[in-house]
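As the structure lists them, so they are numbered: ligands from 1, and atoms in each ligand from 1. Numbers for residues simply follow the sequence, beginning at 1. Side-chain atoms are counted along with the backbone in the values below, which use heavy atoms only and exclude waters and symmetry mates.
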Amino acid sequence: MVIVQRKELTFAERLYLPEIFRGLSITFSKFFEKPITRQYPEEPLPTDEVTRGQPRLVVKDDGNIACVSCGMCEIACPAYAITIDGGETDRQIEREPKRFEIDMLRCILCGFCEEACPKDAIFMSNELELADTTRRGLVYDLEKLKRPKSALQPRIDYVYRINKRWRSKQP
Ligand code: SF4
Ligand code: SF4
């Protein structure tokens, strides 16, 4: 049988004082270091054209959306977040969505809709903020999804740059 001789603890050790002072000294030393945390939301996250934020619909310079309600993005969406009801138009494109909704609570920002669209009508924006008080408020309709082409231009240029092997010109 082995008898373990335990060190007799001092009074201070019994009160955990050495550990408390060591912990406090580490805490106080951090007060004087440069902070590495971001003060969100006052300090928003940096974004650029690579940022894959929420998808948005392109509004062309003539004021019409580029979408022809073909449904390719709806089929490609792995989260079943997109719902489109198409309708006829008198314009040359003949069809455009009467209802176009993206459930932002379902959207996983994968970018498949952007890749699937044959009309360059939907692109990932640099918008990352998402907050509302109701679930219905986070189902974005046509009006909430529309963005002028100029607002999405950096992303459009980026997508063309990375896909230049099989896409030669912008519309
Ligand atoms: S980004 Fe992905 S999940 Fe979101 S709507 Fe597009 S395809 Fe669906
Ligand atoms: S794939 Fe493009 S054109 Fe077709 S419905 Fe979606 S956004 Fe509209």
Side-chain angles (χ1 to χ4, degrees), residues 30 33-171:
K30 298 293 173 192
E33 288 183 8
K34 192 168 178 284
I36 57 169
T37 46
R38 182 175 293 279
Q39 300 303 314
Y40 183 85
E42 290 79 13
E43 248 184 278
L45 292 169
T47 62
D48 59 20
E49 73 274 15
V50 182
T51 305
R52 217 166 51 203
Q54 297 158 26
R56 295 288 182 260
L57 290 172
V58 175
V59 178
K60 297 184 292 183
D61 296 337
D62 62 8
N64 296 309
I65 55 172
C67 176
V68 295
S69 69
C70 68
M72 295 290 278
C73 57
E74 191 178 16
I75 292 169
C77 178
Y80 304 110
I82 302 177
T83 308
I84 303 168
D85 288 337
E88 305 293 319
T89 77
D90 297 331
R91 292 184 289 116
Q92 197 188 359
I93 64 163
E94 294 180 1
R95 280 177 66 78
E96 69 177 11
K98 295 295 170 218
R99 171 188 178 211
F100 194 119
E101 289 181 350
I102 301 183
D103 186 340
M104 290 301 167
L105 290 173
R106 282 178 166 268
C107 177
I108 52 172
L109 311 180
C110 65
F112 282 11
C113 48
E114 179 186 74
E115 289 188 30
C117 182
K119 299 301 288 181
D120 291 326
I122 188 165
F123 281 92
M124 306 307 281
S125 68
N126 61 358
E127 297 172 41
L128 298 166
E129 312 277 332
L130 193 62
D132 210 302
T133 52
T134 62
R135 297 181 74 83
R136 183 64 214 173
L138 290 166
V139 178
Y140 283 16
D141 61 10
L142 256 178
E143 290 314 308
K144 277 190 172 176
L145 291 169
K146 283 180 182 174
R147 288 293 177 277
K149 191 178 173 203
S150 57
L152 296 166
Q153 198 62 54
R155 177 70 187 184
I156 295 172
D157 292 343
Y158 169 74
V159 169
Y160 271 82
R161 206 161 58 244
I162 59 173
N163 292 337
K164 67 180 175 210
R165 277 183 303 165
W166 58 85
R167 302 177 83 163
S168 54
K169 61 181 176 60
Q170 290 195 27

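R106 contributes a side-chain N or O that, together with a main-chain N or O of A79, makes up a donor-acceptor pair within less than 3.5 Å. The closest donor-acceptor contact from the side chain of Q54 to the backbone of E129 lies under 3.5 Å. R56 contributes no side-chain N or O that, together with a main-chain N or O of F123, makes up a donor-acceptor pair within less than 3.5 Å. Here the side chain of E114 pairs a donor or acceptor atom with the backbone of M124 at under 3.5 angstrom.
Shown in contact with C73 at under 4.0 Å from a heavy atom are these atoms of ligand 2, numbered in order with element: 1 (S), 5 (S), 6 (Fe), 7 (S). Heavy-atom proximity to C117, at under 4.0 Å, picks out these atoms of ligand 2: 1 (S), 2 (Fe), 3 (S), 7 (S). Close approach to V68 involves these atoms of ligand 2, each under 4.0 Å from a residue heavy atom: 3 (S), 8 (Fe). The ligand atoms of ligand 2 that sit less than 4.0 angstrom from a heavy atom of C70 are 1 (S), 3 (S), 4 (Fe), 5 (S). Close contacts of ligand 2 with P118, meaning ligand atoms under 4.0 Å from a residue heavy atom, involve 1 (S). Against a heavy-atom cut-off of under 4.0 Å, I84 is close to the following atoms of ligand 2: 5 (S).
Between C107 and the choices P55, C77, C113, the side chain to side chain contact (heavy atoms under 4.5 Å, CB included) rule is met once, by P55. E127 pairs with exactly one of R155, R52, R147, K144 by the salt bridge (charged side-chain N to carboxylate O under 4.0 Å, His left out) rule, that one being R147. Residue I65 is tested with V58, L142, I122 for a side chain to side chain contact (heavy atoms under 4.5 Å, CB included); the sole match is L142.
Residue-level proximity to ligand 2 for C67 is carried by backbone and side chain together, each with a heavy atom below 4.0 angstrom.
Taking backbone and side chain together, C77 holds an N, O or S atom under 2.8 Å from atom 8 (Fe) of ligand 1. Atom 6 (Fe) of ligand 1 has no N, O or S atom of C110 closer than 2.8 Å.
The shortest heavy-atom distance from M124 to ligand 1 is under 4.0 Å. Ligand 1 has G111 within reach: a non-hydrogen atom of the residue lies less than 4.0 Å from it.
The single protein non-hydrogen atom nearest to atom 3 (S) of ligand 1 is I108 N, 3.3 Å, given as residue, atom name and distance. C107 SG, 2.3 Å is the protein heavy atom nearest to atom 4 (Fe) of ligand 1.
Of the candidates L145, I122, I82, I122 brings a heavy atom nearest to atom 7 (S) of ligand 2.
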